[in-house]
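The structure appears below as structure tokens.
Sequence positions, counted from 1, serve as the residue numbers for this chain.
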Amino acid sequence: MSYLLDTLKRFLPKSILKIIRPPYHLMLAYLAAVYYRHPSRNLMIIGVTGTKGKSSVTELLARVLTTNGHTVASLSTIAFTLNGETERNLFKMTMPGRFFVQRFLRRAVDAGCTHAVIEMTSEGARQFRHRFIELDALIFTNLTPEHIESHGSFSAYKAAKLSLATAVSTSIKRPRYLVANVDDEHGADFLDFEVEYKLPYSLKNMSFYSLHKDSISLVFGDTTIRVPLVGLFNVYNVLAVITLARTLNISLLTIDKALRNLPPIKGRVEQFTTPKTAPKQITAVVDYAHTPDSLEKLYQAFPNAPKVCVLGNTGGGRDTWKRPEMGAIAERHCEQIILTNEDPYDEDPRTIVEAMRSGMEDQSKVEIIMDRRLAIRTAINNCPDGGYVLISGKGTDPYIMGPRGSKIPWSDAEVVKEELAAISTN
């Protein structure tokens, strides 16, 4: 039905389109739920929202639930998983169309799933993609400025996120759970709803936590949960999962069993290393970081090591305010910076990277290489022994988006593996 809206866009003024969009999206959400016979009523539906950490929390929680014996479906920016079968998300969209999501949930019910974990975005909420999905629970991770030009203001962006908490409070399900990071200044607002379980989480909930070069440890009394992820942000992600899981009567022992041998989460601080026989030992990291806060936290996760940073972290036509700030953050943390093309859409890609460069005072450490593969190759070649190449912005994004809807198939991870293999054989 998207062709109908596309047709209307050609003939109607923007003022009229603004009026008819909400009922149009709401109608689609209702029709999709009716057509697929309200599948969410037959599953425990757990939504995950926030600016950062949504995909990781979705993947981690699905793994914990599965280890506890449940049959789980999950939908995220990274992938769609149904009863153990995983399909890469190629939509360039976290929450695809309403009919897709409702069909996915119907398939989950038909496959015998008991739980579904769904990553939920502000854009999806603004278009009512969450409506007529009966939620049991929502996890809120954090909130920092993003999609401001799309939403119109930070308060409108936050309101879209809060509408997901409203959806839990008005759900027909019982009991209902709201889980929120109260170390975030907005966390308490996501608990200010009438539900059976309000579950705040904070670093204070733990006896102790520690950050290691290749893992994190969370200590609860005499139980230590060690997870092969890095960075304080992942401590929060794991803590969010533990908070809900324990309330669902999942033991710390089961949680530890699920997460101790966790495979890498694709596109989320995903690490690749040169073979031991290579002329130098370096680690390349692929991450989705595309906001100032997430970029800062990515760089902070690798202290006391030389970093060569590849970034082009601002897509064309959106959030132009953050471009100089992203450049300034890279300058503070990286020994060498390579600015490159990412998703320019209809904007001149050179304009985007020049805006990032304008936020840097020391231009001597900055190089612009618009070819993204060449940028990654150069970073790997220039990285000193024992250093890190940090490639941010795309994560698992499957395309480089160009003008007039064009797209080039792409995978940062595959390019990194190929370029690391090349340096190892030289």
Side-chain angles (χ1 to χ4, degrees), residues 33 38-50 52-84 86 89 94-96 101-102 104-109 111-122 124-125 129-142 161-181 187 190-191 193 195-201 236-250 254-255 258-259 265:
H38 296 281
S40 63
R41 296 176 181 175
N42 303 110
L43 296 159
M44 181 174 190
I45 306 288
I46 303 166
V48 181
T49 199
K52 307 178 301 297
K54 299 185 297 295
S55 296
S56 295
V57 170
T58 298
E59 299 292 318
L60 292 168
L61 181 57
R63 184 174 176 89
V64 167
L65 290 169
T66 300
T67 303
N68 198 52
H70 302 293
T71 307
V72 183
S74 65
L75 183 154
S76 74
T77 304
I78 300 171
F80 313 122
T81 300
L82 186 63
N83 200 14
T86 297
N89 183 347
T94 299
M95 295 181 72
V101 175
Q102 292 287 355
F104 178 81
L105 294 177
R106 171 50 56 191
R107 289 173 58 208
V109 172
C113 292
T114 57
H115 294 65
V117 188
I118 303 176
E119 182 179 346
M120 294 185 155
T121 63
S122 61
R129 295 184 180 192
H130 67 296
R131 293 294 297 273
F132 308 105
I133 298 174
E134 297 292 345
L135 288 165
D136 295 81
L138 179 73
I139 296 174
F140 164 74
T141 59
N142 48 65
K161 295 284 192 186
L162 282 169
S163 71
L164 299 170
T166 300
V168 176
S169 69
T170 58
S171 172
I172 63 172
K173 302 286 194 60
R174 296 293 185 276
R176 298 157 299 176
Y177 308 79
L178 286 174
V179 184
N181 172 12
F190 284 80
L191 298 174
F193 295 85
V195 295
E196 286 70 32
Y197 292 93
K198 299 182 182 183
L199 306 172
Y201 67 92
Y236 276 104
N237 292 339
V238 173
L239 186 56
V241 171
I242 291 173
T243 301
L244 179 59
R246 294 180 78 179
T247 306
L248 297 177
N249 296 316
I250 300 175
T254 298
I255 296 168
L259 301 183
I265 299 176

Where do Thr166 and Ser169 come nearest, in terms of heavy atoms and distance? O-OG, 2.8 Å
Verify the distance criterion only: is there a donor paired with an acceptor across the side chains of Glu119 and Ser55 at less than 3.5 Å? yes
Walk me through it: do Ile250 and Val64 pass the test side chain to side chain contact (heavy atoms under 4.5 Å, CB included)? CA-CA 8 Å; Ile250 300 175; Val64 167; 4.1 Å; yes
If I compare all heavy atoms of His115 with all of His70, which pair ends up nearest, and what's the gap? CE1-ND1, 3.3 Å
Please walk me through it: do Ile255 and Val241 pass side chain to side chain contact (heavy atoms under 4.5 Å, CB included)? CA-CA 9 Å; Ile255 296 168; Val241 171; 5.6 Å; no
May I ask you to test the Pro96-Val101 pair for a side-chain heavy-atom distance under 4.5 Å? yes
Do the non-hydrogen side-chain atoms of Phe140 and Leu164 ever get within less than 4.5 Å of each other? no
Is a side-chain donor or acceptor of Asn142 paired with a backbone partner of Asn181 at a separation under 3.5 angstrom? no
Distance from Ile45 atom CD1 to Lys173 atom NZ, nearest 0.5 Å? 5.5 Å
Return yes if some donor-acceptor pair links the side-chain N/O of Glu134 with the main-chain N/O of Arg41 below 3.5 Å, else return no. no
Shortest non-hydrogen separation from Leu65 to Leu248 and the atoms involved: CD2-CD1, 4.4 Å
If you take all heavy atoms of Leu82 and Cys113, which pair is closest and at what distance? CD1-SG, 4.0 Å
Check Ala167 against Leu135 and note the closest heavy-atom contact, atom names and distance. CB-CD1, 3.9 Å
Got a sec, which residues hit side chain to side chain donor-acceptor pair (under 3.5 Å) with Thr94, two or more places apart in sequence or on another chain? Thr77
Is the shortest heavy-atom distance from the side chain of Val117 to the side chain of Val72 under 4.5 Å? yes
For the CG atom of Leu138 and the NE2 atom of His130, what is their distance to the nearest 0.5 Å? 10.0 Å
I'd like to check Lys54 versus Lys52 (side-chain heavy atoms, cut-off strictly below 4.5 Å). Are they in contact? no
Could you report the tightest heavy-atom contact between Ser76 and Asn89, atom names first, then the distance? O-ND2, 2.9 Å
Per the side chain to side chain donor-acceptor pair (under 3.5 Å) rule, what does the pair list look like for residues 236-248, sequence neighbours excluded? Asp183-Tyr236, Asn234-Asn237
Lys161 and Thr49: side chain donor to acceptor below 3.5 Å: yes
Are Asp136 and Ser171 side-chain neighbours, meaning at least one heavy-atom pair lies under 4.5 Å? no
What is the distance from atom OG of Ser74 to atom CZ of Arg63, rounded to the nearest 0.5 Å? 12.0 Å
Going by heavy atoms in the side chains, are Ser40 and Phe132 under 4.5 Å from each other? no
Contacts of type ring-ring contact (aromatic ring centres under 6.0 Å, His included), residue Tyr177, not counting sequence neighbours: Tyr197
What I'd like to find out is whether the side chain of Phe190 reaches to under 4.5 Å of the side chain of Leu178, using heavy atoms alone. no
From OG1 (Thr114) to CG (Asn42), nearest 0.5 Å: 12.0 Å
Is there a donor in the side chain of Thr86 and an acceptor in the side chain of Thr81, or the other way round, less than 3.5 Å apart? yes
Check whether any side-chain heavy atom of Leu244 lies under 4.5 Å from a side-chain heavy atom of Ile46, and answer yes or no. yes
